[in-house]
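Written out below as structure tokens is the structure these notes cover.
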Amino acid sequence: MLIISELYIYPIKSLGGISLSSAQVTDRGLKYDRRWMLVDEQNRFLTQREYPQMALLKVQIESDGLLVTHHLNGSVFIPFEQYDTGKQEVVIWDDTCAGVFVDPELDNWFSAALGIKCRLVHMPEDTRREVDQRYAHEGMITSFADAYPFLLIGQASLDDLNNRMAESLPMNRFRPNIVFTGGDAFDEDLMNHIQIAGIDFYGAKLCARCVLTTIDQQTAVKAKEPLKTLARYRLMNNKILFGQNLVHEGTGIISVGDTLNVLSTHTEERFIVPQK
């Protein structure tokens, strides 16, 4: 039996994640997940890939907003209420979509905490950022996530990786939304149609991993692992693969302890990583 063991959201893209016992599935992913983002002076998204110090900004959900804390710069509060400052286009990878800038005072705080000039932007409800239509049904949308609304990883996959390394790494290196126990390592690779709490999820694409996985989420220090080890046995078409991105149909609540039901599996070659 496959059981949901962990749920995570990352309200501000590339900042600290939040562990939840239950999460609301919305039209574009888990509620609050990557609905805020920091951008540079050209309105281009910022991530730990370029600025690993972003890992040091920790986020908490309060009743009416987000509390962001930095060990040297204190904390700031970001209300959930809509921000009436006019929309501007922001860039995430090859996508351009509309966002609303939140507050110049918050921009100053984030700029000081990170040591880079940046602004905080929010994705309003009427912004519709479609996922790659090659791997999803028409009209499926996501937030400011890299490309898809969900990332699924099996605990057995992390256990397998850690067994191959001198030092074990925590799941937070991979920034999943849904973690499950049960089954074998990398069972998630082949999951096509999945159902959790009556909501349908569909495997879209194996997740290609980058340097972000090498950043310690507590210290922001970079190292060579886990990419060095993963490259030995999870490399396909020059991409290191770990976890599967999902799209979905339906809304509702999913919780730790829910059963993950696999209704069909992939047969396409792009989902079959050679065993090593």
Side-chain angles (χ1 to χ4, degrees), residues 7-93 95-129 141-146 149-151 172 175-177 212 215 217-218 220:
L7 293 169
Y8 295 96
I9 59 171
Y10 310 87
I12 304 176
K13 184 178 180 68
S14 223
L15 300 194
I18 299 172
S19 176
L20 301 174
S21 58
S22 293
Q24 182 177 338
V25 178
T26 74
D27 60 347
R28 69 198 72 201
L30 298 180
K31 186 175 182 180
Y32 302 133
D33 188 39
R34 284 167 275 222
R35 294 298 294 272
W36 292 261
M37 178 173 69
L38 292 169
V39 298
D40 64 15
E41 293 178 284
Q42 287 73 48
N43 289 357
R44 176 184 169 277
F45 75 118
L46 302 180
T47 77
Q48 291 181 37
R49 297 172 183 89
E50 300 165 290
Y51 306 103
Q53 65 268 35
M54 294 175 75
L56 301 178
L57 294 177
K58 305 305 181 184
V59 185
Q60 296 174 246
I61 293 182
E62 305 287 329
S63 60
D64 53 352
L66 304 176
L67 183 69
V68 183
T69 303
H70 185 268
H71 67 293
L72 295 178
N73 290 68
S75 61
V76 289
F77 182 75
I78 303 165
F80 288 143
E81 64 189 35
Q82 291 294 321
Y83 317 105
D84 188 21
T85 57
K87 291 181 183 177
Q88 295 193 42
E89 289 189 338
V90 295
V91 177
I92 315 128
W93 297 113
D95 293 344
T96 299
C97 64
V100 177
F101 288 107
V102 180
D103 186 322
E105 291 187 10
L106 289 172
D107 298 341
N108 292 336
W109 186 89
F110 280 105
S111 297
L114 295 173
I116 50 175
K117 187 72 173 176
C118 59
R119 300 182 70 185
L120 181 68
V121 64
H122 177 256
M123 177 181 278
E125 287 295 323
D126 57 357
T127 288
R128 312 285 292 181
R129 181 186 171 217
I141 62 174
T142 189
S143 60
F144 288 139
D146 275 353
F150 303 94
L151 176 61
N172 66 13
R175 301 176 73 82
N177 295 109
L212 198 154
I215 299 168
Q217 294 299 295
Q218 299 306 314

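Sequential numbering from 1 along the given sequence is applied to the chain's residues. Only heavy atoms go into these numbers, but all of them, side chains included; no hydrogens, no water, no symmetry mates.
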Practice task
Might you point out which heavy atoms bring Gly29 and Pro149 nearest each other, and give the distance in Å?
Solution key: CA-CB, 3.8 Å
Completion exercise
To the nearest 0.5 Å, atom NE2 of His122 lies from atom NZ of Lys87 at 11.0 Å
Problem - Name of the residue among Asp146, Ile215, Leu212 meeting side-chain contact (heavy atoms from CB on, under 4.5 Å) with Ser14 - result: Leu212
Handout entry: From CZ (Arg44) to CD (Glu50), nearest 0.5 Å
Key = 4.0 Å
Practice task
Please report the closest heavy-atom contact between Leu106 and Val102, naming both atoms and the distance.
Solution key: CD1-CG1, 3.7 Å
Handout entry: Main-chain N/O of Cys118 paired with Ser111 side-chain donor or acceptor, under 3.5 Å
Key = yes
Practice task
Look at the side chain of Arg28 and the backbone N and O of Asp33, then say whether any donor-acceptor pair between them is shorter than 3.5 Å.
Solution key: no
Problem - Residue pair Leu15, Phe110: steps toward the side-chain contact (heavy atoms from CB on, under 4.5 Å) verdict - result: CA-CA 11 Å; Leu15 300 194; Phe110 280 105; 4.0 Å; yes
Problem - Side-chain donor/acceptor of Arg129 to backbone N/O of Thr142, under 3.5 Å - result: no
Handout entry: Gap between atom OG of Ser143 and atom CE of Met37 - 0.5 Å precision
Key = 9.5 Å
Practice task
Measure from the side-chain N and O atoms of Thr69 to the backbone N and O of Ser75, and report whether any donor-acceptor pair falls under 3.5 Å.
Solution key: no
Problem - Check: Asn172 and Gln218 side chains under 4.5 Å, non-hydrogen atoms - result: yes
Exercise for the section: Measure the shortest side-chain to side-chain distance between Val90 and Thr96 over non-hydrogen atoms and say whether it is less than 4.5 angstrom. Expected result: no
Exercise for the section: Taking the side chain as every heavy atom from C-beta outward, state whether Phe150 and Val25 have any pair of such atoms under 4.5 Å apart. Expected result: yes
Exercise for the section: Measure the CG-CG distance between Leu120 and Asp103 for me, rounded to the nearest 0.5 Å. Expected result: 9.0 Å
Fill in the blank from the handout: Nearest heavy-atom approach of Cys97 to Ile92 is SG-CD1, 3.8 Å
Problem - Side chain Trp109, main chain Asn73, donor-acceptor under 3.5 Å - result: yes
Exercise for the section: Let me see the working for Gln24 and Ile9 under side-chain contact (heavy atoms from CB on, under 4.5 Å), right down to the final yes or no. Expected result: CA-CA 10 Å; Gln24 182 177 338; Ile9 59 171; over 6 Å; no
Practice task
For the pair Val121 and Arg119, evaluate side-chain contact (heavy atoms from CB on, under 4.5 Å) and give the outcome as yes or no after the intermediate values.
Solution key: CA-CA 6 Å; Val121 64; Arg119 300 182 70 185; over 6 Å; no
Completion exercise
Closest non-hydrogen atoms of Pro11 and Gly16, given as atom of the first, atom of the second and distance, are CD-O, 4.5 Å
Fill in the blank from the handout: Contacts satisfying ring pair (Phe, Tyr, Trp, His ring centres under 6.0 Å) that involve residues 14-35 (not counting sequence neighbours) are Tyr32-Phe80
Handout entry: Side-chain heavy-atom pair Asp40, Ile116 within 4.5 angstrom cut-off
Key = no
Problem - Arg35 (side chain) donor-acceptor with Met123 (main chain) under 3.5 angstrom - result: yes
Which atom pairs, donor and acceptor, lie under 3.5 Å between side-chain atoms of residues 51-66 and protein residues at least two apart or in another chain?
unit_1 : atom_1 : unit_2 : atom_2 : d
Gln53  : NE2    : Leu114 : O      : 2.9
Lys58  : NZ     : Ala55  : O      : 2.9
Lys58  : NZ     : Gln217 : O      : 2.5

